[in-house]
2 protein chains.
Amino acid sequence: MTVLKPTAQPLYQQVKQHLVHRVLTGEWKPGQLLPSEFKLADEYGLSQGTVRKAIEDMASEGLVTRQAGKGTFVTTHDGDYHPFRFHRFYSDQGERIAKDEAVLVSSSPAKADTRIAKGLDIRKGTAGCKTVRIRQLHAEPALVETFFLIDSICPGARDFLEQENPKSVYLFMERHYNLLITKVLEQLRARSATEQEAELLNLEPGTPVLEVERIAYSLGGEAVEWRTIVGATDHIHYRNELG
Amino acid sequence: MTVLKPTAQPLYQQVKQHLVHRVLTGEWKPGQLLPSEFKLADEYGLSQGTVRKAIEDMASEGLVTRQAGKGTFVTTHDGDYHPFRFHRFYSDQGERIAKDEAVLVSSSPAKADTRIAKGLDIRKGTAGCKTVRIRQLHAEPALVETFFLIDSICPGARDFLEQENPKSVYLFMERHYNLLITKVLEQLRARSATEQEAELLNLEPGTPVLEVERIAYSLGGEAVEWRTIVGATDHIHYRNELG
DNA sequence: CAGTGGTCTAGACCACATC
DNA sequence: ATGTGGTCTAGACCACTGA
């Protein structure tokens, strides 16, 4: 690894950035095996330990997964491991919501409104696709999930969604667009249910509901999905562990 | 470090556990300097690198803080660093709530009700101290904070609280009881404001409010505080970053 | 069996803090 | 000048995987 300036970043961080870039550009796709530490160390002309530190950093951020005796793999949402790592809704008995399939309500072309445009940092009116689905608990509607995907990033999403109705949108984005979601930002509010929500969730109009507004960021740091998740919290709650 | 069984945990994990125990028992108190890596390596009869890995683990968990050229310190909530690391409420302009002082409403002896007892994993009726405070935004009441401390863990808390009215309860617990809060579990719900809440927050009765129910755990993993934070979310929200 | 990641050692040099 | 944590190297042995 060529060090242009002696005051530059540590070598292992340079290696890490380069490896992240190689994952990003699709050199190794989700689920695929990376070269071993020794091979990468040879390639970069560094010691194994330095490359190891770069990879350990990536692993701690969830970008890759390491398995002793096998190798280092690009993380996929496909495995048993992190299918719904961003879902924070639980029933009061401790079950995770969203294991079951989502019920598709509607999926249609849409233009970004002010709120969506602000969240995704795009221009108002940008073309996209808006989808509404319902998550159930014990066969009862529990949550309304509304998400917006940008046409220029996820072309043809509407057709794919109607064909597949995937359990996990992020797995769907990974498969079709090679977008790996690594970070989401959520803003939570309490408000009264709208008429549409009351109808979809079998609630009295005006019932207090919890609204989660979420922006999802891909590996490159680009905002790629806007979403709200809305539901009454009589039998479910949003769980958060800090520290 | 004596290895009794060759199949035991890695040495650095054994060292880490032992160091955590020494912090827990107060050998080094919050803010104090730990011995250097070399001294600890000597003490345990290991190489510096092994001790380093143990300490890096502790640092990544926030238990200690490292500073090049100075040393490794037991983390304290006192410094500039993490005064309100568990506060997730922001105004819609992005300001953090709870910078200002909290307004003390009441502080009185209380017995754990069913909900508190369940949260803290103690018997119903356990003696403690219940305190209600208000957090303001721009001199307007924004959040009602209600917390319960157990007498056997925090004796005399009521007197201390009335004397000091501390900005941060966790800093207060650290100073008086050597309890370092490292983890909290929060459950969020939307519901209607109670009469008392409506009065304290200048709301119409029945307004939807966000309720955060929090259990705080000390370094040893013991549940030491139960709390709710309640407020309307017209101008503020709960922010959560995942991944 | 060879290859992988996981652990551990013993050295080296650096930038930074403190005195 | 000394001591600290931060980086980097070059070796070693281990447990596990898979052919």
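All of these numbers come straight from a predicted model, not from anything done at the bench.
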Where A:I97 and A:I236 come nearest, the two heavy atoms and their spacing: CD1-CG2, 3.8 Å

Rounded interatomic separation in angstrom, taking CD from B:Q48 and C1' from D:dG5: 8 Å

Residue B:K53, side-chain atoms from C-beta onward, closest of D:dG5, C:dT9, C:dT7: C:dT7

B:K70 side-chain N/O to C:dT18 phosphate OP1/OP2 under 4.0 Å: yes

N/O (side chain, B:S36) to phosphate O (OP1/OP2, D:dT4) under 4.0 Å: yes

Side-chain N or O of B:T72 closer than 4.0 Å to phosphate OP1/OP2 of D:dG5: yes

Whole angstrom value for the distance that separates P of C:dG5 from CD of A:Q67: 11 Å

Rounded distance (Å) that lies between atom P of D:dA12 and atom CD of A:E37: 17 Å

Test: B:K118 and B:E213 ion pair at under 4.0 Å: no

Listed nucleotide nearest any side-chain atom of B:S47, set C:dC8, D:dT7, D:dG5: C:dC8

Any A:R66 side-chain N or O less than 4.0 Å from OP1/OP2 of C:dT4: no

Audit row: B:E225, B:Y170, side chain to side chain donor-acceptor pair (under 3.5 Å) steps and yes/no: CA-CA 9 Å; B:E225 184 220 35; B:Y170 299 155; 2.7 Å; yes

Complementary nucleotide of C:dA17, counting Watson-Crick and G-U pairs under 3.5 Å: none

Spacing of B:L11 atom CG relative to D:dA15 atom C1', expressed in whole Å: 15 Å

Gap between atoms CZ and C1', on B:F73 and D:dG3 respectively (whole Å): 13 Å

Residue-phosphate contact under 4.0 Å: B:Y12 side-chain N/O, C:dC8 OP1/OP2: no

Sugar-phosphate only, base, or nothing, as touched by A:F38 at under 4.0 Å among non-hydrogen atoms: nothing

N/O donor-acceptor pair, side chain B:R52 with base D:dG5, under 3.5 angstrom: no

A:E186 with B:R88: basic N within carboxylate O range, under 4.0 Å: no

Presence of salt bridge, B:R133 and B:E145, under 4.0 angstrom: yes

First of A:G69 and A:E56 reached from the 5' end of DNA chain C, by closest nucleotide: A:G69

Toward the 5' end of DNA chain D, by each residue's nearest nucleotide, A:G49 or B:L34: B:L34

Spacing between B:D42 atom CG and D:dG3 atom C1', to the nearest angstrom: 14 Å

Nucleotide paired to C:dG3 in any strand shown, Watson-Crick or G-U, under 3.5 Å: D:dC16

Gap between atoms NZ and P, on A:K39 and C:dA2 respectively (whole Å): 16 Å

